[in-house]
Amino acid sequence: MGRPPSFFTNFCIRQNPKTPLQNPNSQIRKRNLCSNNNINNRGNGEFKQNPDVKVVQDQFFKAKEVSRIIRTRPRWEQTLLSDFPTVNFVDPCFYNEVFKQQKNAFLSLRFYYWISSQEGFLPDRFTSNVIFSGLVKAKAAKLAQSFLEFVNFMPEPSYLEPYAECLCENGLIEEAIGVFDYLKRVHYCPSLKTWNSALSGSLKAERADAVWKFYGDMIESGVVADLDTTGYLIQAFCMENNVWKGYELLRRVLEDGHVPSNVAFNKLIRAFCKNGNYSRMSDLLHTMIAKNHSPDIFTYQEVISGLCKRNMKHEGFRIFNDLKDRGYAPDRVMYTTIIHGLCKMKWLGDARRLWFEMVQKGIIPNQYTYNTLIYGYFKIGNLMEAERLYKEMCDIGYGETTVNYNTMINGLCLNGKAEAAYELFKQMAERNVVGDVITYNSLIQGFCKKGNIAVGINLLYELLKQGMQPSTASYTLLIEKLCKMRQVDEAIVLWKDMQERGIVPAIWTHESIIVGLVEQGSLAEGIDWLSVMLKSRLRPRKETFERLIQCLSEADKWADALCFLSYMLKIGYASNECIYLLLVNKLCKDNSNRVEICIGKITEGAKAL
DNA sequence: CTAGGGTTAG
């Protein structure tokens, strides 16, 4: 094989960078792409035999030098070309090296854009592919995306596959779906590894729906799933609170003699704990042990926090101490988990004790640990200690973050200090810390609790003005308070706003409005709302019915009260004696004949159920 | 060199 026409040497004689370059034909380009291998081989002594080596090596050193310059010299655009009259700036190999040398993908891309803007430099498809894959390798999904828009070309499928993976890892699920769909259209089938990373990326982005889409496409394209895939599917089931389906899948895999990763087990354990199904949780622990997949620190974390969620302090503690006895050294996360659990249950003495135990072992509390304990102190109303810890956290340099502020704002609101919380909120803006939906919700709830609904509503409007997506909790307390203050119409305006934004109201919100309507005398409307609620298979609480019945009988509308009582019996609540007594008392003052008839009807109805 | 972990609302 002869020495290929080297256009590196051709450019050695070029003095004026503004002189238009010849656009080398693609054959040369391909040749150069092939010679990438030589670069990869450098240093193992082999390439002495290759006649291209000198040239490639030369290009390598130039790329290294250029990389250094664009990294360190602020105004390199003004000097670079004249400094390097011999560099071939449109060679794909050169960019390959720049991307390798220069870890900052953004700078490399800027360099490429700059070259493109120079008259006569026309990077072609091959160079574009190299740049694109450099960006993908650097995991710079956003840059790769903007690059594609800029050069307006579609890379080869084999370059798109890692791109799709990169998009998933960066949570750009919709974009990834687009790429997968394109690959499907051109009949290119991604590898199992790529499908799996799509699944894992979707989980990270909390997109169970995307998991199912990717999985469906994967099966359709004939790729056979592996154990990792199964693990991701189990996680997706857990994420959707479909724990039984996940469990079912696990059992099937176990029957086939396979054991999924601990991650899948841990997620199932978390889900079972969340539903209070501790026997199933311990069942899973035993399965893990039996299958030689020992529960790890993550597993125990799930177990402990799961137990604490249900107020099972002693069990949580027992497991934690057990762990220590068996030689597991709890780390900062583990300590934070148990401290959090104890704080939730308001066991601040124990939480504090563990805090000191942790510090004594040389583990320094971080933002998570601090926020957890601050939350705990607020929970028991110890504002002094909470504020002291907050100050300490700021002093030791945990920056003023949104979560830190949220912890304080929420804690203050919880303790009736909405105004003080609002001061912090203003401070956030001054110090350029952005608030999020939790900040706003905490404040809305704080002001509602103090009866200051106007401020609450303003906060809601501000949240919307900022373009943030409100949540159910943004509305719940506002609607409840408006109803209590006989401003049901305003409450319904908010309700409609929720509907338009696709936010599912809390069950309690339905009830607030029904009670509000009935209390203000809009009986028919209240009944309408109740039947809508029942039709959507939502079950009002018994207290709501009792409240309605009481309210109506107090207004001497006993017939309507009876109507709600029969509703209540109809959906299976046993009415309690107090309500009967109340009604009977009321009715006795009325026409006694009709009383008997009505009571008779109700008790018949109750027996029939 | 990997999976997966802990804080703030409801």
Side-chain angles (χ1 to χ4, degrees), chain A residues 169 193 196-197 199-201 203-204 226-232 234-235 238-239 260-270 293 295-306 308-309 320 330-344 351 354 358 363 365-379 386 389-390 393 398 401-414 421 424-425 428 433 435-446 448-449 459 463 468 470-480 503-509:
Chain A
E169 280 167 15
K193 180 179 163 286
N196 275 343
S197 55
L199 299 178
S200 132
L203 287 171
K204 243 184 253 159
D226 67 356
L227 213 48
D228 286 339
T229 318
T230 314
Y232 295 134
I234 292 175
Q235 289 184 59
C238 293
M239 184 176 285
S261 77
N262 274 15
V263 183
F265 276 100
N266 295 348
K267 289 286 159 72
L268 281 168
I269 285 175
R270 167 186 284 201
H293 275 223
D296 52 27
I297 197 114
F298 302 106
T299 317
Y300 286 116
Q301 226 169 269
E302 297 296 355
V303 173
I304 289 172
S305 80
C308 291
K309 267 176 201 138
F320 183 74
D331 60 4
R332 184 157 54 188
V333 179
M334 195 47 142
Y335 271 107
T336 308
T337 305
I338 180 105
I339 290 173
H340 182 220
L342 292 166
C343 286
K344 266 202 165 136
L354 285 180
M358 179 181 86
I363 304 171
N366 68 358
Q367 198 199 347
Y368 289 98
T369 334
Y370 268 103
N371 275 315
T372 299
L373 198 61
I374 292 171
Y375 154 82
Y377 277 120
F378 273 124
K379 189 131 187 152
L389 272 172
Y390 175 68
M393 173 173 71
Y398 287 112
T401 66
T402 307
V403 175
N404 292 355
Y405 271 107
N406 284 352
T407 306
M408 286 305 287
I409 288 175
N410 180 52
L412 288 167
C413 286
L414 215 66
L424 279 180
F425 178 65
M428 283 176 90
V433 181
D436 62 8
V437 68
I438 298 177
T439 322
Y440 282 92
N441 287 0
S442 300
L443 283 165
I444 290 172
Q445 288 167 39
C448 279
K449 264 183 214 144
L459 282 159
L463 179 153
M468 283 186 254
S471 67
T472 303
S474 317
Y475 292 87
T476 307
L477 215 48
L478 278 173
I479 292 181
E480 181 192 328
I503 301 167
V504 183
I507 299 179
W508 169 239
T509 303

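Note that the structure is predicted; figures quoted are calculated from it, not measured. Letters A, B, ... are given to chains in the order of the sequence lines, protein chains preceding strands, and every chain is numbered from 1.
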Reading nucleotides 4-10 of chain B from the 5' end, what letters show protein touch, with B for base, S for backbone sugar-phosphate only, - for no heavy atom under 4.0 Å? BBBBBBB
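Met358(A) is linked by a side chain to side chain contact (heavy atoms under 4.5 Å, CB included) to Tyr335(A), Ile363(A), Pro365(A), Thr369(A), counting only residues two or more places apart in sequence or in another chain. Among residues two or more places apart in sequence or in another chain, the side chain to side chain contact (heavy atoms under 4.5 Å, CB included) test is passed with Asn262(A) by Asn266(A), Met288(A), His293(A), Asp296(A). By the salt bridge (charged side-chain N to carboxylate O under 4.0 Å, His left out) test, Lys449(A) is found to be paired with no residue, residues two or more places apart in sequence or in another chain being considered. Applying the side chain to side chain contact (heavy atoms under 4.5 Å, CB included) rule to Ala386(A) yields the partners Ile374(A), Tyr377(A), Phe378(A); only residues at least two apart in sequence or on another chain are considered. In terms of the side chain to side chain contact (heavy atoms under 4.5 Å, CB included) criterion, residue partners of Tyr368(A) (sequence neighbours excluded) are, by chain and number, Thr336(A), Asn366(A).
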